[in-house]
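Single-structure report; data block below.
Owing to the predicted nature of the structure, the values given are computational and were not obtained by experimental measurement.
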Amino acid sequence: MTQEQQTNPIEQILREHPVMILDGALATELEQHGCDLDDPLWSARVLLENPDVIVQVHADYFRAGADCAITSSYQATVDGFRKRGIDEQSALELIRKTVELAVQARDDVWAEVQSGVVGRESSTGQLVKAPSVRSENVENEENEENITDRTGDREADSLRPRPIIAGSVGPYGAYLADGSEYVGHYDVSDETLAAFHRPRMAALIEAGADILAFETIPSLQEAQVLVDVLKEFPHAYAWLSFSLKDGTSISEGTPLEVCAQTFGSEPQVAAIGLNCAPMEVVTEAVSILSRASDKPVIVYPNSGETYDAVTKTWSGQGTCGSMSDASEQWVAAGAQIIGGCCRTTPHQIGVLAKKWRN
């Protein structure tokens, strides 16, 4: 996304496709590749230690059929890097790098798709196929169609839009690394929030992100600050995705209807929705959002497990295996952009892509 860009990338995709497919969890897959994310920087730590793995995970999702990759900048902030002894200029370079890594993966996989090597042997004799990584929280995958080679369906791939890159802008609470992105009561001023978010937003836009992803936003205050700062970049677009208290309100208690009405007329807001929520509240939330605003509704929930911000562990039963079936209810309720958040995998995204692309 450059300062000259004036086209809403989500609008472009939805003009030709009824459903846009997002990627799934980044951190879950990084851990599957052996990365240690027990750090206040979370997945941003991998930017410093092993960026090639980030490219690999993005590529896995693109090969599975994702129309959009969300960058590894959720917890990558100037303030957060400063705590690690990294100066502002170096921090901004790392934030820009998150876009470059996603673009590299997108361009590599798109070249495969365009040349037809995805799903068959390449010129080197190596089979290029969708990832078959399985996470331990996926209990019901046996009931779904095996889509290891889903990108071998040339017809489905020919119907894909060229994937886009969303620059992740996580909440102030993610920087605090205390779980407050699921509460939203920071007790800080608008000015503090704007000063925190502005440098990262500028860096992501400068690096060429097609759109910004304001995600896991827990409060109306922070959402308003983000949209106000977005106006400083008049040719940029963003989606606005909230964390939820329940199926009717965001984490700090504001009704979803109020949130949708507040931002429904903002021209730079490309979509409004929710992420990092359990699947069982999604349909109710989507129904409210679709009635309250004409904006496309975006949803990318968790696996269904519960996160403990103190121990930084997950517990409970994951329900990723039912994501494909649940997506029928989400789309019927008005969702047009769907994907996965924490503890979801390329396998689930592949199932969604095959379902809705065909």
>> Determine whether Arg160 and Val113 satisfy the following criterion, side chain to side chain contact (heavy atoms under 4.5 Å, CB included), listing intermediate values before the conclusion.
In response: CA-CA 9 Å; Arg160 291 178 66 177; Val113 171; 3.9 Å; yes

>> Between the side chains of Asp228 and Arg198, is the shortest nitrogen-to-carboxylate-oxygen separation below 4.0 Å, so that they form an ion pair?
In response: no

> Can you tell me how far the CD atom of Gln224 sits from the SG atom of Cys259, to the nearest 0.5 Å?
Replying inline: 10.5 Å

> Where the side chain of Thr28 meets the backbone of Ala25, is there a donor-acceptor pair that is under 3.5 Å apart?
Replying inline: no

>> Would the distance check show the side chain of Ser322 and the main-chain N or O of Asp325 forming a donor-acceptor pair, the cut-off being under 3.5 Å?
In response: no

> Please walk me through it: do Lys231 and Glu266 pass salt bridge (Lys or Arg N to Asp or Glu O under 4.0 Å)?
Replying inline: CA-CA 10 Å; Lys231 294 174 183 177; Glu266 292 288 350; 3.5 Å; yes

> Can you name the side-chain contact (heavy atoms from CB on, under 4.5 Å) partners of Ala166, sequence neighbours left out?
Replying inline: Cys68, Ile70, Ile211, Ala213, Trp239

>> Is any side-chain heavy atom of Leu226 closer than 4.5 Å to one of Leu230?
In response: no

Under 3.5 Å donor-acceptor pairs involving side-chain atoms of residues 87-94, not counting sequence neighbours:
residue: Asp87; atom: OD1; partner: Gln89; partner atom: N; Å: 3.1
residue: Asp87; atom: OD1; partner: Ser90; partner atom: N; Å: 2.9
residue: Asp87; atom: OD1; partner: Ser90; partner atom: OG; Å: 3.3
residue: Asp87; atom: OD2; partner: Ser90; partner atom: OG; Å: 3.1

>> Set out, in order, the CA-CA distance, both residues' side-chain angles and the distance that settles side chain to side chain donor-acceptor pair (under 3.5 Å) for Ser327 and Ser324, then state yes or no.
In response: CA-CA 5 Å; Ser327 70; Ser324 176; 4.8 Å; no

>> Between Val281 and Pro278, is there a side-chain heavy-atom distance shorter than 4.5 Å?
In response: yes

> What residues form a ring-ring contact (aromatic ring centres under 6.0 Å, His included) with Tyr172, not counting sequence neighbours?
Replying inline: Tyr175, Tyr186, Phe196

>> Any non-hydrogen side-chain atom of Leu274 less than 4.5 Å from a side-chain atom of Ile298?
In response: no

>> Let's go through Ser243 and Ser251 carefully: what are the C-alpha distance in whole Å and the side-chain angles of both, what is the deciding distance for side chain to side chain donor-acceptor pair (under 3.5 Å) to 0.1 Å, and is it a yes or a no?
In response: CA-CA 6 Å; Ser243 61; Ser251 292; 2.6 Å; yes

>> Checking Lys355 now: which residues fulfil salt bridge (Lys or Arg N to Asp or Glu O under 4.0 Å) with it, not counting sequence neighbours?
In response: Glu328

>> Please evaluate residues Arg162 and Asp210 with respect to the criterion salt bridge (Lys or Arg N to Asp or Glu O under 4.0 Å), reporting the C-alpha separation (whole Å), side-chain torsions for both, the decisive distance (0.1 Å), and the verdict.
In response: CA-CA 12 Å; Arg162 183 174 185 269; Asp210 297 298; 5.9 Å; no

>> List the residues meeting side chain to side chain donor-acceptor pair (under 3.5 Å) with Thr98, not counting sequence neighbours, and say none if there are none.
In response: none

>> Between His197 and Glu222, is the side chain to side chain contact (heavy atoms under 4.5 Å, CB included) condition met? List the steps.
In response: CA-CA 10 Å; His197 285 298; Glu222 188 164 22; 2.7 Å; yes

> Between Asn275 and Phe242, does a side chain to side chain contact (heavy atoms under 4.5 Å, CB included) hold up when you go through it step by step?
Replying inline: CA-CA 6 Å; Asn275 73 289; Phe242 294 95; over 6 Å; no

> Taking the side chain from Arg106 and the backbone from Pro163, do they hold a donor-acceptor pair closer than 3.5 Å?
Replying inline: yes

> Taking the side chain from Thr71 and the backbone from Ser168, do they hold a donor-acceptor pair closer than 3.5 Å?
Replying inline: yes

>> Going by side-chain contact (heavy atoms from CB on, under 4.5 Å), name the residues that satisfy it together with Val183, two or more places apart in sequence or in a different chain.
In response: His185

>> Counting C-beta onward and ignoring hydrogens, is there a side-chain heavy-atom pair between Tyr237 and Leu212 closer than 4.5 Å?
In response: no

>> Please evaluate residues His235 and Gln268 with respect to the criterion side chain to side chain donor-acceptor pair (under 3.5 Å), reporting the C-alpha separation (whole Å), side-chain torsions for both, the decisive distance (0.1 Å), and the verdict.
In response: CA-CA 8 Å; His235 300 299; Gln268 290 176 261; over 6 Å; no

> Atom CD in Gln12, atom OG1 in Thr7: separation rounded to 0.5 Å?
Replying inline: 5.0 Å

> Where do Asp79 and Thr77 land on the side chain to side chain donor-acceptor pair (under 3.5 Å) test, with the steps shown first?
Replying inline: CA-CA 5 Å; Asp79 290 10; Thr77 65; 5.8 Å; no

>> I'd like to know if the side chain of Thr283 and the backbone of Gln329 have a donor-acceptor N/O pair within less than 3.5 Å.
In response: no

> Residues two or more places apart in sequence or in another chain: which of them pass salt bridge (Lys or Arg N to Asp or Glu O under 4.0 Å) with Glu49?
Replying inline: Arg45

> Ile164 versus Asp67: any side-chain heavy-atom pair under 4.5 Å?
Replying inline: no

> When rounded to the nearest 0.5 angstrom, what is the spacing between CD in Gln336 and NE2 in His17?
Replying inline: 13.0 Å

> Among Asn50, Val46, Val53, which one satisfies side-chain contact (heavy atoms from CB on, under 4.5 Å) with His33?
Replying inline: Val53

> Out of curiosity, His347 NE2 to Met323 CE, how far, rounded to the nearest 0.5 Å?
Replying inline: 11.0 Å

>> Would the distance check show the side chain of Thr262 and the main-chain N or O of Val258 forming a donor-acceptor pair, the cut-off being under 3.5 Å?
In response: yes

> Ala69 and Phe62: which non-hydrogen atoms are nearest, and at how many Å?
Replying inline: CB-CZ, 3.3 Å

>> Going by side chain to side chain donor-acceptor pair (under 3.5 Å), name the residues that satisfy it together with Ser219, two or more places apart in sequence or in a different chain.
In response: none

> Partners of Lys295 by side-chain contact (heavy atoms from CB on, under 4.5 Å), sequence neighbours excluded?
Replying inline: Val269, Ile272, Ser293

> When rounded to the nearest 0.5 angstrom, what distance separates CD in Gln261 from CG in Leu289?
Replying inline: 10.5 Å

>> Going by salt bridge (Lys or Arg N to Asp or Glu O under 4.0 Å), name the residues that satisfy it together with Asp23, two or more places apart in sequence or in a different chain.
In response: none

> Hey, is the main chain of Val188 close enough, under 3.5 Å, to the side chain of Gln221 for a donor-acceptor pair?
Replying inline: yes

> Taking side chain as C-beta onward, heavy atoms only, is Ile337 less than 4.5 Å from Val19?
Replying inline: no

> Can you check whether Leu244 reaches Leu256 side chain to side chain, under 4.5 Å on heavy atoms?
Replying inline: yes

>> Once side-chain contact (heavy atoms from CB on, under 4.5 Å) is applied, do any residues pair with Ala332, and if so which ones, sequence neighbours excluded?
In response: none

>> For Glu252, give me all partners under salt bridge (Lys or Arg N to Asp or Glu O under 4.0 Å), at least two apart in sequence or on another chain.
In response: none

> Under 3.5 Å, is there a donor-acceptor pair between the side chain of Arg200 and the main chain of Tyr74?
Replying inline: yes

> Would Glu112 and Arg63 satisfy side chain to side chain contact (heavy atoms under 4.5 Å, CB included), going step by step from the backbone distance to the final call?
Replying inline: CA-CA 9 Å; Glu112 295 171 4; Arg63 291 193 180 102; 2.7 Å; yes

>> Any heavy-atom pair between the side chains of Tyr61 and Ile21 that's under 4.5 Å?
In response: no

> When you measure from the side chain of Thr254 to the backbone N and O of Ile250, does any donor-acceptor pair fall under 3.5 Å?
Replying inline: no

